[in-house]
Amino acid sequence: MGCGSSNQASGLVNPKDVPMDIKNTGSPPSPEALNGETGIPAKITVETLQKYLNIEREIQYYEKKHVLENYQVKTEQLEQLDKKVEEIEETQKQLEEETMKLQAFVDADGSDDQNVKEFLIEKTENGQELTQEQEDFVDALNRLEIIKRELESTNQQRDSLKEEVATLTEDGEKLQKFYEERDELLDGIFGGDYGSDLENRLEKEVDLLKDQKHHMDQAHFKWRQGHMMIKQAAIQLGLGVQKWKEIPEIPTDQLEERYYRATEARNNLVAASQNLQGAHRYLPNVIFPYCAQEEVETLNKAITYIFTDMQTTERHEHAMLCYHAIYRRSGALRQWFEQALDTTIFQDLSRLTEECKSKSLELRRERIRLIRERIKAMTGKDIDFVLDLENEADDTAADEQVTELFEAEKVEGGDNTAAPGPQIPPVPTPVPLTDLAPPPSNEEIFGKIDELKKHHELHVQDFQKSQAMNHARMEVGLKEKLNARRNRRNRLQMHSEELQALKTAA
(Lines give C-alpha, C1' and ligand atoms only; values in the text may rest on other atoms or scores of the structure.)
Protein backbone atom coordinates (compact mmCIF):
# COMPACT_ATOMS: atom_id res chain seq x y z
CA MET A 1 0.00 0.00 0.00
CA GLY A 2 1.16 3.34 -0.77
CA CYS A 3 0.83 6.30 1.37
CA GLY A 4 2.88 11.51 3.04
CA SER A 5 3.13 15.73 4.18
CA SER A 6 4.85 18.03 6.49
CA ASN A 7 5.11 19.87 9.70
CA GLN A 8 7.12 22.26 11.64
CA ALA A 9 8.03 19.46 13.98
CA SER A 10 9.45 17.37 11.23
CA GLY A 11 10.73 20.30 9.21
CA LEU A 12 13.23 23.08 9.50
CA VAL A 13 13.90 24.89 12.73
CA ASN A 14 13.90 28.54 11.80
CA PRO A 15 15.00 31.30 14.13
CA LYS A 16 11.47 32.66 13.73
CA ASP A 17 10.04 29.40 15.11
CA VAL A 18 6.97 29.34 12.92
CA PRO A 19 4.75 26.33 12.18
CA MET A 20 4.66 24.63 8.80
CA ASP A 21 1.55 23.33 7.09
CA ILE A 22 0.55 20.12 5.43
CA LYS A 23 -0.03 20.56 1.72
CA ASN A 24 -3.29 19.39 0.14
CA THR A 25 -3.43 18.64 -3.56
CA GLY A 26 -7.06 18.48 -4.50
CA SER A 27 -9.94 16.19 -3.68
CA PRO A 28 -10.55 12.51 -4.26
CA PRO A 29 -13.02 11.31 -6.83
CA SER A 30 -16.63 11.59 -5.69
CA PRO A 31 -17.64 8.60 -3.56
CA GLU A 32 -21.24 8.77 -4.80
CA ALA A 33 -20.26 6.63 -7.77
CA LEU A 34 -19.55 3.71 -5.45
CA ASN A 35 -22.80 1.85 -6.18
CA GLY A 36 -24.63 -0.12 -3.56
CA GLU A 37 -23.54 -1.64 -0.30
CA THR A 38 -20.12 -3.18 0.22
CA GLY A 39 -20.19 -6.95 0.03
CA ILE A 40 -21.02 -9.82 -2.30
CA PRO A 41 -23.00 -8.61 -5.33
CA ALA A 42 -26.22 -10.45 -6.09
CA LYS A 43 -25.49 -10.11 -9.78
CA ILE A 44 -22.31 -9.18 -11.58
CA THR A 45 -23.09 -6.33 -13.98
CA VAL A 46 -21.37 -3.43 -15.67
CA GLU A 47 -22.16 -1.44 -12.51
CA THR A 48 -20.07 -3.96 -10.57
CA LEU A 49 -17.12 -3.21 -12.82
CA GLN A 50 -17.72 0.51 -12.44
CA LYS A 51 -17.79 0.13 -8.68
CA TYR A 52 -14.45 -1.71 -8.74
CA LEU A 53 -12.88 1.05 -10.83
CA ASN A 54 -14.25 3.77 -8.55
CA ILE A 55 -12.78 2.05 -5.50
CA GLU A 56 -9.43 1.76 -7.30
CA ARG A 57 -9.49 5.49 -8.03
CA GLU A 58 -10.12 6.28 -4.38
CA ILE A 59 -7.27 3.99 -3.32
CA GLN A 60 -4.92 5.60 -5.85
CA TYR A 61 -5.84 9.07 -4.58
CA TYR A 62 -4.90 8.25 -0.99
CA GLU A 63 -1.86 6.20 -1.97
CA LYS A 64 -0.52 9.16 -3.93
CA LYS A 65 -0.82 11.20 -0.73
CA HIS A 66 1.42 8.59 0.96
CA VAL A 67 -0.98 8.55 3.88
CA LEU A 68 0.28 5.43 5.64
CA GLU A 69 4.00 6.15 5.21
CA ASN A 70 3.50 9.70 6.40
CA TYR A 71 1.40 8.56 9.34
CA GLN A 72 4.16 6.21 10.43
CA VAL A 73 6.85 8.90 10.10
CA LYS A 74 4.80 11.53 11.91
CA THR A 75 3.84 9.28 14.82
CA GLU A 76 7.51 8.40 15.31
CA GLN A 77 8.36 12.11 15.29
CA LEU A 78 5.58 12.86 17.75
CA GLU A 79 6.96 10.28 20.17
CA GLN A 80 10.40 11.84 19.85
CA LEU A 81 9.03 15.33 20.49
CA ASP A 82 7.10 14.18 23.56
CA LYS A 83 10.36 12.83 25.00
CA LYS A 84 12.23 15.96 23.96
CA VAL A 85 9.72 18.25 25.72
CA GLU A 86 10.15 16.24 28.92
CA GLU A 87 13.94 16.50 28.66
CA ILE A 88 13.86 20.24 27.96
CA GLU A 89 11.48 20.88 30.88
CA GLU A 90 13.79 18.97 33.21
CA THR A 91 16.82 20.86 31.89
CA GLN A 92 15.02 24.18 32.33
CA LYS A 93 14.20 23.33 35.92
CA GLN A 94 17.85 22.51 36.65
CA LEU A 95 19.07 25.72 34.95
CA GLU A 96 16.62 27.84 36.92
CA GLU A 97 17.94 26.35 40.16
CA GLU A 98 21.54 26.89 39.05
CA THR A 99 20.85 30.49 38.06
CA MET A 100 19.22 31.25 41.40
CA LYS A 101 22.26 29.90 43.23
CA LEU A 102 24.64 32.00 41.12
CA GLN A 103 22.65 35.14 41.87
CA ALA A 104 23.86 34.92 45.45
CA PHE A 105 27.48 35.35 44.30
CA VAL A 106 26.98 38.34 42.02
CA ASP A 107 25.57 41.80 42.33
CA ALA A 108 22.25 40.90 40.73
CA ASP A 109 18.89 42.42 41.55
CA GLY A 110 17.40 39.00 42.28
CA SER A 111 14.35 39.49 40.06
CA ASP A 112 12.98 36.47 38.25
CA ASP A 113 12.89 38.17 34.86
CA GLN A 114 16.44 39.51 34.76
CA ASN A 115 18.01 38.84 31.36
CA VAL A 116 21.49 38.80 29.84
CA LYS A 117 21.15 42.20 28.21
CA GLU A 118 20.20 44.05 31.40
CA PHE A 119 22.92 42.42 33.46
CA LEU A 120 25.67 42.88 30.85
CA ILE A 121 24.92 46.54 30.20
CA GLU A 122 24.63 47.25 33.91
CA LYS A 123 28.00 45.64 34.69
CA THR A 124 30.03 46.79 31.68
CA GLU A 125 28.72 50.29 30.98
CA ASN A 126 31.68 51.83 32.85
CA GLY A 127 34.20 49.73 30.96
CA GLN A 128 34.75 47.34 33.85
CA GLU A 129 35.52 43.69 33.20
CA LEU A 130 33.28 40.90 34.44
CA THR A 131 34.45 38.82 37.36
CA GLN A 132 34.53 35.03 37.04
CA GLU A 133 31.32 34.77 39.07
CA GLN A 134 29.62 37.35 36.87
CA GLU A 135 30.72 35.51 33.73
CA ASP A 136 29.29 32.29 35.13
CA PHE A 137 26.02 34.08 35.85
CA VAL A 138 25.88 35.52 32.31
CA ASP A 139 26.51 32.07 30.85
CA ALA A 140 23.76 30.59 33.04
CA LEU A 141 21.29 33.31 32.02
CA ASN A 142 22.18 32.69 28.39
CA ARG A 143 21.60 28.94 28.70
CA LEU A 144 18.27 29.62 30.37
CA GLU A 145 17.19 31.96 27.57
CA ILE A 146 18.19 29.36 24.95
CA ILE A 147 16.33 26.52 26.69
CA LYS A 148 13.17 28.62 27.08
CA ARG A 149 13.21 29.46 23.38
CA GLU A 150 13.80 25.81 22.53
CA LEU A 151 10.90 24.69 24.74
CA GLU A 152 8.57 27.20 23.12
CA SER A 153 9.66 26.14 19.64
CA THR A 154 9.37 22.42 20.43
CA ASN A 155 5.88 22.84 21.90
CA GLN A 156 4.80 24.65 18.73
CA GLN A 157 6.24 21.85 16.63
CA ARG A 158 4.50 19.21 18.73
CA ASP A 159 1.11 20.96 18.57
CA SER A 160 1.40 21.32 14.80
CA LEU A 161 2.37 17.67 14.48
CA LYS A 162 -0.57 16.51 16.59
CA GLU A 163 -2.93 18.25 14.18
CA GLU A 164 -1.24 16.53 11.25
CA VAL A 165 -1.42 13.11 12.86
CA ALA A 166 -5.14 13.63 13.50
CA THR A 167 -5.69 14.46 9.82
CA LEU A 168 -3.58 11.52 8.71
CA THR A 169 -5.51 9.21 11.03
CA GLU A 170 -8.76 10.20 9.31
CA ASP A 171 -7.26 9.68 5.86
CA GLY A 172 -5.71 6.40 6.96
CA GLU A 173 -9.06 5.10 8.16
CA LYS A 174 -10.64 6.01 4.83
CA LEU A 175 -7.89 4.25 2.90
CA GLN A 176 -8.15 1.11 5.02
CA LYS A 177 -11.93 1.01 4.47
CA PHE A 178 -11.42 1.25 0.70
CA TYR A 179 -8.91 -1.61 0.86
CA GLU A 180 -11.47 -3.69 2.75
CA GLU A 181 -14.26 -2.75 0.35
CA ARG A 182 -12.17 -3.71 -2.68
CA ASP A 183 -11.18 -7.06 -1.19
CA GLU A 184 -14.76 -7.88 -0.20
CA LEU A 185 -16.02 -6.89 -3.64
CA LEU A 186 -13.44 -9.11 -5.37
CA ASP A 187 -14.25 -11.98 -3.00
CA GLY A 188 -17.89 -11.63 -3.99
CA ILE A 189 -17.16 -11.47 -7.70
CA PHE A 190 -14.87 -14.51 -7.74
CA GLY A 191 -16.63 -16.55 -5.08
CA GLY A 192 -13.75 -16.45 -2.63
CA ASP A 193 -11.20 -17.67 -5.18
CA TYR A 194 -8.69 -15.84 -7.32
CA GLY A 195 -10.02 -15.15 -10.78
CA SER A 196 -6.90 -16.68 -12.34
CA ASP A 197 -3.41 -17.89 -11.50
CA LEU A 198 -2.13 -14.72 -13.16
CA GLU A 199 -4.17 -12.50 -10.84
CA ASN A 200 -2.84 -14.42 -7.85
CA ARG A 201 0.76 -14.03 -8.99
CA LEU A 202 0.37 -10.35 -9.92
CA GLU A 203 -1.20 -9.55 -6.57
CA LYS A 204 1.78 -11.09 -4.76
CA GLU A 205 4.19 -9.08 -6.92
CA VAL A 206 2.27 -5.83 -6.40
CA ASP A 207 2.16 -6.39 -2.64
CA LEU A 208 5.93 -6.88 -2.56
CA LEU A 209 6.60 -3.83 -4.72
CA LYS A 210 4.30 -1.65 -2.62
CA ASP A 211 5.96 -2.85 0.57
CA GLN A 212 9.35 -1.98 -0.90
CA LYS A 213 8.09 1.39 -2.11
CA HIS A 214 6.56 2.04 1.31
CA HIS A 215 10.01 1.71 2.91
CA MET A 216 11.75 3.55 0.10
CA ASP A 217 9.30 6.47 0.22
CA GLN A 218 9.96 6.82 3.93
CA ALA A 219 13.71 6.71 3.37
CA HIS A 220 13.44 9.27 0.58
CA PHE A 221 11.32 11.57 2.74
CA LYS A 222 13.67 11.35 5.72
CA TRP A 223 16.77 12.00 3.61
CA ARG A 224 15.14 14.92 1.82
CA GLN A 225 13.98 16.39 5.10
CA GLY A 226 17.45 15.90 6.56
CA HIS A 227 18.94 17.59 3.51
CA MET A 228 16.56 20.55 3.84
CA MET A 229 17.45 20.97 7.51
CA ILE A 230 21.18 20.76 6.84
CA LYS A 231 20.87 23.23 3.98
CA GLN A 232 19.06 25.64 6.29
CA ALA A 233 21.59 25.02 9.05
CA ALA A 234 24.44 25.95 6.70
CA ILE A 235 22.71 29.26 5.90
CA GLN A 236 22.09 29.96 9.59
CA LEU A 237 25.69 29.11 10.50
CA GLY A 238 26.88 31.46 7.77
CA LEU A 239 24.70 34.27 9.12
CA GLY A 240 25.86 33.55 12.65
CA VAL A 241 29.50 33.74 11.58
CA GLN A 242 28.77 36.98 9.72
CA LYS A 243 27.18 38.63 12.75
CA TRP A 244 29.93 37.38 15.06
CA LYS A 245 32.59 38.76 12.75
CA GLU A 246 31.01 42.23 12.90
CA ILE A 247 31.22 42.58 16.71
CA PRO A 248 34.89 43.77 16.92
CA GLU A 249 34.05 46.53 14.43
CA ILE A 250 31.50 48.04 16.85
CA PRO A 251 32.99 50.47 19.44
CA THR A 252 33.05 49.05 22.94
CA ASP A 253 30.97 51.95 24.29
CA GLN A 254 28.04 51.00 21.99
CA LEU A 255 26.93 48.28 24.37
CA GLU A 256 23.40 47.78 23.07
CA GLU A 257 24.57 47.45 19.46
CA ARG A 258 27.25 44.93 20.43
CA TYR A 259 24.74 42.95 22.47
CA TYR A 260 22.19 43.04 19.63
CA ARG A 261 24.77 41.72 17.13
CA ALA A 262 25.82 38.95 19.51
CA THR A 263 22.17 38.03 20.01
CA GLU A 264 21.67 37.77 16.24
CA ALA A 265 24.71 35.50 16.04
CA ARG A 266 23.50 33.37 18.93
CA ASN A 267 19.97 32.92 17.63
CA ASN A 268 21.16 31.85 14.18
CA LEU A 269 23.70 29.46 15.68
CA VAL A 270 21.07 27.98 18.01
CA ALA A 271 18.64 27.49 15.11
CA ALA A 272 21.42 25.85 13.08
CA SER A 273 22.22 23.52 15.96
CA GLN A 274 18.56 22.52 16.28
CA ASN A 275 18.35 21.84 12.55
CA LEU A 276 21.46 19.66 12.67
CA GLN A 277 20.04 17.75 15.64
CA GLY A 278 16.75 17.38 13.75
CA ALA A 279 18.59 15.81 10.81
CA HIS A 280 20.22 13.34 13.20
CA ARG A 281 16.80 12.44 14.64
CA TYR A 282 15.45 11.72 11.16
CA LEU A 283 18.29 9.30 10.45
CA PRO A 284 19.35 7.80 13.79
CA ASN A 285 21.03 4.79 12.18
CA VAL A 286 23.16 6.84 9.79
CA ILE A 287 26.67 7.91 10.82
CA PHE A 288 27.16 11.51 9.67
CA PRO A 289 30.72 12.00 8.36
CA TYR A 290 30.45 15.74 9.09
CA CYS A 291 28.67 17.64 11.89
CA ALA A 292 28.43 14.49 13.99
CA GLN A 293 26.67 14.58 17.36
CA GLU A 294 29.93 15.38 19.16
CA GLU A 295 30.56 18.38 16.91
CA VAL A 296 27.06 19.72 17.51
CA GLU A 297 27.58 19.37 21.26
CA THR A 298 30.82 21.36 20.92
CA LEU A 299 28.89 24.06 19.05
CA ASN A 300 26.26 24.17 21.80
CA LYS A 301 28.94 24.63 24.45
CA ALA A 302 30.50 27.46 22.47
CA ILE A 303 27.11 29.17 22.14
CA THR A 304 26.72 28.99 25.92
CA TYR A 305 29.72 31.33 26.37
CA ILE A 306 28.94 33.68 23.49
CA PHE A 307 28.23 36.77 25.63
CA THR A 308 31.40 36.35 27.68
CA ASP A 309 33.45 35.46 24.59
CA MET A 310 32.47 38.81 23.05
CA GLN A 311 34.27 40.65 25.87
CA THR A 312 37.86 40.05 24.71
CA THR A 313 39.59 39.80 21.33
CA GLU A 314 41.33 36.53 22.17
CA ARG A 315 38.15 34.74 23.21
CA HIS A 316 36.24 36.20 20.29
CA GLU A 317 38.78 34.80 17.83
CA HIS A 318 38.80 31.40 19.51
CA ALA A 319 34.99 31.20 19.28
CA MET A 320 35.19 32.26 15.62
CA LEU A 321 37.41 29.28 14.83
CA CYS A 322 34.79 26.95 16.32
CA TYR A 323 31.83 28.56 14.50
CA HIS A 324 33.62 28.74 11.16
CA ALA A 325 34.83 25.13 11.36
CA ILE A 326 31.35 23.69 11.78
CA TYR A 327 30.05 26.12 9.13
CA ARG A 328 32.49 24.65 6.60
CA ARG A 329 31.64 21.10 7.66
CA SER A 330 27.92 21.78 7.27
CA GLY A 331 28.62 22.58 3.62
CA ALA A 332 30.42 19.25 3.20
CA LEU A 333 27.52 17.45 4.89
CA ARG A 334 25.10 19.09 2.49
CA GLN A 335 27.20 17.85 -0.45
CA TRP A 336 27.26 14.35 1.05
CA PHE A 337 23.47 14.29 1.36
CA GLU A 338 23.00 15.57 -2.19
CA GLN A 339 25.30 12.87 -3.54
CA ALA A 340 23.33 10.15 -1.72
CA LEU A 341 20.01 11.57 -2.92
CA ASP A 342 21.05 12.04 -6.56
CA THR A 343 23.11 8.91 -7.14
CA THR A 344 21.23 6.33 -5.08
CA ILE A 345 17.90 7.31 -3.53
CA PHE A 346 16.30 9.21 -6.38
CA GLN A 347 17.39 6.72 -9.03
CA ASP A 348 16.24 3.67 -7.04
CA LEU A 349 12.94 5.33 -6.17
CA SER A 350 12.32 6.28 -9.82
CA ARG A 351 12.96 2.70 -10.93
CA LEU A 352 10.75 1.20 -8.25
CA THR A 353 7.96 3.73 -8.87
CA GLU A 354 7.87 2.83 -12.56
CA GLU A 355 7.94 -0.88 -11.78
CA CYS A 356 5.17 -0.55 -9.17
CA LYS A 357 3.05 1.55 -11.52
CA SER A 358 3.45 -0.92 -14.38
CA LYS A 359 2.72 -4.00 -12.27
CA SER A 360 -0.31 -2.39 -10.58
CA LEU A 361 -1.71 -1.46 -13.98
CA GLU A 362 -1.17 -5.03 -15.17
CA LEU A 363 -3.07 -6.34 -12.14
CA ARG A 364 -5.97 -3.95 -12.70
CA ARG A 365 -6.17 -4.95 -16.35
CA GLU A 366 -6.28 -8.64 -15.42
CA ARG A 367 -9.04 -8.05 -12.87
CA ILE A 368 -11.04 -6.00 -15.35
CA ARG A 369 -10.66 -8.74 -17.96
CA LEU A 370 -11.86 -11.33 -15.46
CA ILE A 371 -14.83 -9.23 -14.36
CA ARG A 372 -15.87 -8.69 -17.97
CA GLU A 373 -15.67 -12.44 -18.56
CA ARG A 374 -17.96 -13.01 -15.57
CA ILE A 375 -20.41 -10.42 -16.87
CA LYS A 376 -20.46 -12.07 -20.30
CA ALA A 377 -20.94 -15.50 -18.70
CA MET A 378 -23.96 -14.20 -16.78
CA THR A 379 -25.51 -11.99 -19.49
CA GLY A 380 -24.22 -13.55 -22.68
CA LYS A 381 -23.12 -10.13 -23.90
CA ASP A 382 -19.83 -8.29 -24.22
CA ILE A 383 -19.94 -4.94 -22.47
CA ASP A 384 -19.20 -1.71 -24.27
CA PHE A 385 -17.00 -0.04 -21.69
CA VAL A 386 -14.32 2.59 -22.24
CA LEU A 387 -11.42 2.28 -19.80
CA ASP A 388 -8.97 5.08 -19.15
CA LEU A 389 -6.40 2.95 -17.39
CA GLU A 390 -3.38 4.77 -18.73
CA ASN A 391 -4.48 8.06 -17.18
CA GLU A 392 -5.35 6.31 -13.93
CA ALA A 393 -1.74 5.18 -13.68
CA ASP A 394 -0.33 8.53 -14.74
CA ASP A 395 2.48 9.07 -12.23
CA THR A 396 5.81 10.55 -13.11
CA ALA A 397 8.86 8.32 -12.99
CA ALA A 398 10.24 10.16 -10.00
CA ASP A 399 6.87 10.05 -8.22
CA GLU A 400 6.62 13.79 -7.69
CA GLN A 401 3.88 13.20 -5.17
CA VAL A 402 6.57 12.14 -2.72
CA THR A 403 8.38 15.43 -3.15
CA GLU A 404 5.28 17.64 -3.22
CA LEU A 405 3.42 16.02 -0.36
CA PHE A 406 6.19 14.68 1.84
CA GLU A 407 8.06 17.98 1.64
CA ALA A 408 5.26 20.52 2.04
CA GLU A 409 7.42 22.61 4.36
CA LYS A 410 7.16 26.37 4.30
CA VAL A 411 8.79 29.03 6.44
CA GLU A 412 6.64 32.06 7.20
CA GLY A 413 7.49 35.41 8.69
CA GLY A 414 7.32 36.32 12.35
CA ASP A 415 8.55 38.88 14.83
CA ASN A 416 11.97 37.64 15.81
CA THR A 417 15.30 39.41 15.74
CA ALA A 418 17.01 36.10 14.98
CA ALA A 419 15.48 35.86 11.54
CA PRO A 420 18.03 35.82 8.73
CA GLY A 421 18.04 39.00 6.73
CA PRO A 422 17.43 39.22 3.00
CA GLN A 423 21.13 38.71 2.40
CA ILE A 424 22.29 35.11 2.15
CA PRO A 425 25.89 34.38 3.14
CA PRO A 426 28.15 32.70 0.59
CA VAL A 427 28.07 28.92 0.80
CA PRO A 428 31.18 27.20 2.13
CA THR A 429 33.80 26.25 -0.43
CA PRO A 430 32.70 22.88 -1.90
CA VAL A 431 34.74 19.83 -1.01
CA PRO A 432 36.25 18.09 -4.09
CA LEU A 433 34.28 14.92 -4.79
CA THR A 434 37.46 12.89 -4.47
CA ASP A 435 37.85 14.15 -0.89
CA LEU A 436 34.18 13.79 0.08
CA ALA A 437 33.35 11.05 2.59
CA PRO A 438 32.21 7.71 1.07
CA PRO A 439 28.46 7.55 0.40
CA PRO A 440 26.20 5.63 2.80
CA SER A 441 25.41 1.99 2.09
CA ASN A 442 22.05 0.87 0.71
CA GLU A 443 21.34 -0.76 4.06
CA GLU A 444 21.89 2.56 5.85
CA ILE A 445 19.57 4.30 3.38
CA PHE A 446 16.77 1.79 2.84
CA GLY A 447 16.86 -0.50 5.85
CA LYS A 448 14.62 -3.57 5.40
CA ILE A 449 14.33 -3.67 1.60
CA ASP A 450 16.57 -6.74 1.23
CA GLU A 451 14.65 -8.56 3.95
CA LEU A 452 11.41 -7.91 2.09
CA LYS A 453 12.87 -9.31 -1.13
CA LYS A 454 14.05 -12.50 0.57
CA HIS A 455 10.67 -12.93 2.24
CA HIS A 456 8.95 -12.51 -1.12
CA GLU A 457 11.24 -15.06 -2.79
CA LEU A 458 10.16 -17.67 -0.24
CA HIS A 459 6.50 -16.86 -0.92
CA VAL A 460 7.08 -17.20 -4.66
CA GLN A 461 8.66 -20.61 -4.17
CA ASP A 462 5.72 -21.73 -2.02
CA PHE A 463 3.32 -20.39 -4.62
CA GLN A 464 5.05 -22.29 -7.44
CA LYS A 465 4.99 -25.51 -5.43
CA SER A 466 1.31 -24.98 -4.71
CA GLN A 467 0.57 -24.41 -8.39
CA ALA A 468 2.47 -27.58 -9.39
CA MET A 469 0.47 -29.60 -6.85
CA ASN A 470 -2.73 -27.98 -8.06
CA HIS A 471 -2.16 -29.00 -11.68
CA ALA A 472 -1.14 -32.53 -10.64
CA ARG A 473 -4.30 -33.03 -8.57
CA MET A 474 -6.53 -31.62 -11.30
CA GLU A 475 -5.06 -34.18 -13.70
CA VAL A 476 -6.23 -37.00 -11.42
CA GLY A 477 -9.70 -35.43 -11.08
CA LEU A 478 -9.44 -33.71 -7.71
CA LYS A 479 -11.80 -30.72 -7.52
CA GLU A 480 -10.34 -29.07 -4.44
CA LYS A 481 -10.12 -25.29 -4.39
CA LEU A 482 -6.41 -24.88 -3.97
CA ASN A 483 -6.68 -21.35 -5.27
CA ALA A 484 -8.70 -20.08 -2.29
CA ARG A 485 -8.05 -16.44 -1.77
CA ARG A 486 -5.97 -16.99 1.33
CA ASN A 487 -3.64 -14.14 0.45
CA ARG A 488 -6.46 -11.67 0.04
CA ARG A 489 -8.13 -12.72 3.27
CA ASN A 490 -4.83 -12.43 5.09
CA ARG A 491 -4.41 -8.95 3.65
CA LEU A 492 -7.97 -8.06 4.69
CA GLN A 493 -7.09 -9.10 8.24
CA MET A 494 -3.92 -6.99 8.03
CA HIS A 495 -5.95 -3.98 6.86
CA SER A 496 -8.30 -4.42 9.81
CA GLU A 497 -5.39 -4.55 12.24
CA GLU A 498 -3.82 -1.42 10.73
CA LEU A 499 -7.19 0.38 10.92
CA GLN A 500 -7.51 -0.59 14.57
CA ALA A 501 -3.97 0.70 15.21
CA LEU A 502 -4.87 4.03 13.62
CA LYS A 503 -7.99 4.34 15.79
CA THR A 504 -6.05 3.41 18.92
CA ALA A 505 -3.29 5.95 18.16
CA ALA A 506 -5.88 8.65 17.54
Side-chain angles (χ1 to χ4, degrees), residues 10-15 77 80 84 146 150 218-245 265-306 317-348 407 409 420 424-447:
S10 67
L12 303 176
V13 178
N14 185 271
Q77 293 169 356
Q80 291 178 344
K84 185 178 179 183
I146 290 172
E150 186 176 5
Q218 287 193 53
H220 178 247
F221 169 64
K222 291 177 179 179
W223 277 82
R224 288 299 293 262
Q225 288 295 101
H227 173 252
M228 291 170 66
M229 299 177 88
I230 290 162
K231 181 179 178 181
Q232 186 69 8
I235 294 173
Q236 292 160 341
L237 285 166
L239 288 169
V241 169
Q242 253 185 12
K243 300 301 179 182
W244 186 246
K245 189 183 296 184
R266 181 198 68 179
N267 291 348
N268 275 287
L269 294 170
V270 167
S273 172
Q274 292 180 15
N275 273 321
L276 291 172
Q277 291 176 70
H280 279 281
R281 284 196 301 273
Y282 265 112
L283 302 164
N285 298 322
V286 177
I287 299 175
F288 286 23
Y290 310 98
C291 300
Q293 292 282 12
E294 296 79 9
E295 296 177 67
V296 178
E297 290 173 7
T298 299
L299 171 64
N300 290 336
K301 289 179 183 178
I303 296 171
T304 296
Y305 308 118
I306 195 167
E317 291 177 352
H318 180 76
M320 173 63 81
L321 292 175
C322 173
Y323 301 149
H324 197 267
I326 198 164
Y327 169 53
R328 286 188 294 102
R329 291 179 66 79
S330 70
L333 184 61
R334 175 181 172 181
Q335 284 182 258
W336 188 75
F337 262 71
E338 289 170 353
Q339 184 184 58
L341 283 163
D342 294 342
T343 62
T344 302
I345 299 175
F346 185 79
Q347 291 182 12
D348 286 359
E407 293 179 8
E409 303 287 350
I424 299 297
V427 296
T429 303
V431 176
L433 293 181
T434 53
D435 296 335
L436 201 63
S441 67
N442 278 11
E443 184 177 355
E444 283 184 290
I445 296 174
F446 298 125

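No more than 12 heavy atoms of other residues, nucleotides or ligands lie within 6.0 Å of CD1 in Ile287, so this atom counts as exposed by the packing criterion.
At a threshold of 4.5 Å between non-hydrogen side-chain atoms, the residues His324 and Lys245 do not count as touching.
Expressed to the nearest 0.5 Å, how far CG of Leu333 lies from CG of Leu436 amounts to 9.5 Å. Here Leu269 contributes atom CG and Cys322 contributes atom SG; the two are 9.0 Å apart, rounded to the nearest 0.5 Å. Interatomic distance, Ile303 CD1 to Thr298 OG1, rounded to the nearest 0.5 Å: 11.0 Å. Summarising the geometry, atom CD belonging to Gln225 is positioned 10.5 Å from atom CG belonging to Leu283; distances are rounded to the nearest 0.5 Å.
Residues passing the side-chain contact (heavy atoms from CB on, under 4.5 Å) test with Ala265, sequence neighbours excluded: Lys243, Trp244, Ile306. Take Pro432 and apply the side-chain contact (heavy atoms from CB on, under 4.5 Å) test, not counting sequence neighbours, and it matches Thr434, Asp435. Listed by chain and number, the residues in a salt bridge (Lys or Arg N to Asp or Glu O under 4.0 Å) with Arg329 are Glu295 (sequence neighbours excluded). When the ring-ring contact (aromatic ring centres under 6.0 Å, His included) test is applied to Phe337, the partners found at least two apart in sequence or on another chain are Trp223, Phe288. Not a single salt bridge (Lys or Arg N to Asp or Glu O under 4.0 Å) links Lys231 to another residue, sequence neighbours left out.
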Hey, mind stepping through Arg224 and Ile345 against side chain to side chain contact (heavy atoms under 4.5 Å, CB included) and telling me if it holds? CA-CA 10 Å; Arg224 288 299 293 262; Ile345 299 175; over 6 Å; no
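Donor-acceptor pairing under 3.5 Å is recorded for the side chains of Gln277 and Ser273.
The minimum heavy-atom distance between Leu237 and Ala272, with the atom names listed, is CG-CB, 3.6 Å. Taking all atoms of both residues into account, the shortest heavy-atom contact from Val431 to Ala332 is CG2-CB, 3.6 Å. For the residue pair Val296 and Cys291, the shortest heavy atom distance occurs at CG2-O, 3.8 Å. Closest approach of Leu299 and Tyr323 over heavy atoms only: CD1-CD2, 3.9 Å.
Each of Gln236, Gln232, His280 was scored for a side-chain hydrogen bond (donor to acceptor under 3.5 Å, both in side chains) with Asn275, with one residue passing: Gln236.
The side chain to side chain donor-acceptor pair (under 3.5 Å) contacts involving residues 336-346 comprise His227-Glu338, Arg334-Glu338, where partners must be two or more places apart or lie in separate chains.
Using a distance-only test at 3.5 Å, with no hydrogens or angles considered, a donor-acceptor pair links the side chain of Tyr290 to the main chain of Ala437.
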